[in-house]
Amino acid sequence: MTNKYPFLEINRQILQRDRIPTDLSKSINIPERKFPEKFEIKGRNSLLTGYFSGFNKSPNKITLLKIFEESRWGEFKDIVADFLFIFVNFDKNEVIVLTDQSGKFPVYFSISGSDYFLASPSFQEIKNRIENTSLNIAAALDIVARQMFITKDTVVNEIKKLPPFTVLKVNKQMRYSLHPLFNPWKSASERREKYDSLENFTGDFIKLMDQIVEEKILKIDTLNIGSDISSGFDSSLISYLIGKNYAKPFVCFCGISEVTKDDTDADIVKLFAKKHGLDIKFINENNLYPFSSSEELDIAKASQNPLLSSLSLNFYRTISKSGVNIEFTGDGGDELYKSQRLEESLLYSIQEDYFYRVKALKSGLFNILTSTGVEAFMDKQSFIEKDIFHSLVSPSAFMLNQGLFELLWETNVWSFQPFT
Amino acid sequence: MNKRYSANPFSFIFVPDADLRNNSTTIVFDVNSEEILKLNPEGYKILKYIDENPQCDFDLLSRTFTKNKLSGFLGFLEKHKIVLLS
């Protein structure tokens, strides 16, 4: 089995044998990758494979296998890492998939209508293998509205996606179950001491960000680093901290265009770079507005998050051509500053999601939807029935990562977002 | 002629399970200012009543809810267009 993307394809007959055969080379495809690193370990009755790169802790393969054999997945909450795990228990005829909280490894999966359990970070790869598909209208409307919260649904009814830090179990009967490991209520109720001054808070915040950037740089010392920069605070801070912690030269990439001057003022970026000795490469994005090229639209069509793909494609191709393997970004910064609202968002998530749709209508959708479209868009029952999954990483940062996966995988770049 | 109140469908959503978990509190949305406002259990009950009894007037509402608090609260709902008048 060869495929450029990680892929799992387990036949119903294999799963329903007395014992799953130990040779699963035809069922599991884990391509080599510079980062995160691929690994595989076989136990007496099980197999654990996938990708794992830890930052604050680096448990070895045997420790990882033990965690899975003893179902102690909760231990991963203390490990800052990028990972995708596939665990097969040969005796229990059970398959488990688990990813980290960031969404960098999206996992789409399907059982419906086939004799296979399929799972992959590539939505298109799964879709290509399913004969009959149907449109999930509620999920499609979620994408139109640029959904605010994470659900397990995709635009295709027969394909689901794995929520962050959630164990996906598939049993002998080819039935799946989801077990979230993050307890949002516990996190929200943990009271932290209030800072007595803004200055103390800022000092501690910068110190923490410095520590996170340094920790990540140490982990990938042999790879080439780049960073995303705009004239905003978040990416500038990250670029500055790389310069402070990284001994080798690196380039800061800055997308500029006439229509995004509010977001990125090239003159401010130049002044900032001069002050901190940063090397800037400007990427001219003028020709990407107002319409995407047909190639970009094709890529967008294949993704679950078409809103993100066209500009990002040009950006990451440029980065990749420069030989960069790891791209630091300031993504997740805005969300982090709003994290004190976590408790409120948990209590009233459906309501907030609904009001977000009202804002979308106001911002122009009302003019392009028919009255039936508006009715479907605002159907209260579909909100009440929503199954929302919460994460420590903000949903928007999680979904941004999910949307970027295919681009990053193809351009052989991996992104780091110290804010998340 | 008495004012008649109807709930603005874009300003609220009742979610039975969540509302129960939140002890009959909820948030409502001022569509114009895009402000999110919190309702306590009493406010929740009044808005729910208006939603279930469109075009109800003050007399009808005052049979169920305490009069002195009601007019102030209706003024708040009116101001933020959480209820629409007819």
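In what follows, every heavy atom counts, from backbone to side chain, and hydrogens, waters and symmetry copies are set aside. All chains are named by letter (A, B, ...) in the order of the sequence lines, taking the proteins before the strands, and each is independently numbered beginning at 1.
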Quick check: are there more than 12 heavy atoms from other residues, nucleotides or ligands sitting under 6.0 Å from CG of A:Leu178?
yes
Non-hydrogen contacts under 4.5 angstrom with chain B: give the residues of residues 377-398 of chain A involved, or none if there are none.
A:Met378, A:Lys380, A:Phe383, A:Ile384
Within residues 348-355 of chain A, which residues come under 4.5 Å of chain B, heavy atom to heavy atom?
A:Tyr348, A:Ile350, A:Gln351, A:Glu352, A:Tyr354, A:Phe355
Could you check whether atom NZ of B:Lys81 has more than 12 heavy atoms from other residues, nucleotides or ligands sitting under 6.0 Å from it?
no
When you look at CG of B:Asn68, are more than 12 heavy atoms from neighbouring residues, nucleotides or ligands closer to it than 6.0 Å?
yes
Does A:Arg72 CZ have over 12 foreign heavy atoms under 6.0 Å away?
yes
Sort B:Phe12 into side chain, backbone, both or neither according to what part of it lies under 4.5 angstrom from a heavy atom of chain A.
both
Side chain from CB out, backbone as N, CA, C, O: work out which of these in B:Asp30 comes under 4.5 Å of a heavy atom of chain A, or both, or neither.
neither
Which answer fits B:Asp19, side chain, backbone, both or neither, if we ask what part of it has an atom under 4.5 Å from a heavy atom of chain A?
side chain
Relative to chain A, which segment of B:Ile36 carries a heavy atom at a distance below 4.5 Å: side chain, backbone, both, or neither?
side chain
For residues 359-371 of chain A, give me every residue with a non-hydrogen atom less than 4.5 Å from any non-hydrogen atom of chain B.
A:Lys359, A:Leu361, A:Lys362
Considering only heavy atoms, which portion of B:Ser11 lies under 4.5 Å from any heavy atom of chain A: side chain, backbone, both, or neither?
backbone
How about CG on A:Asp78, more than 12 heavy atoms from neighbouring residues, nucleotides or ligands closer than 6.0 Å, or not?
yes
Residues in salt bridge (Lys or Arg N to Asp or Glu O under 4.0 Å) with B:Glu78, at least two apart?
B:Lys3
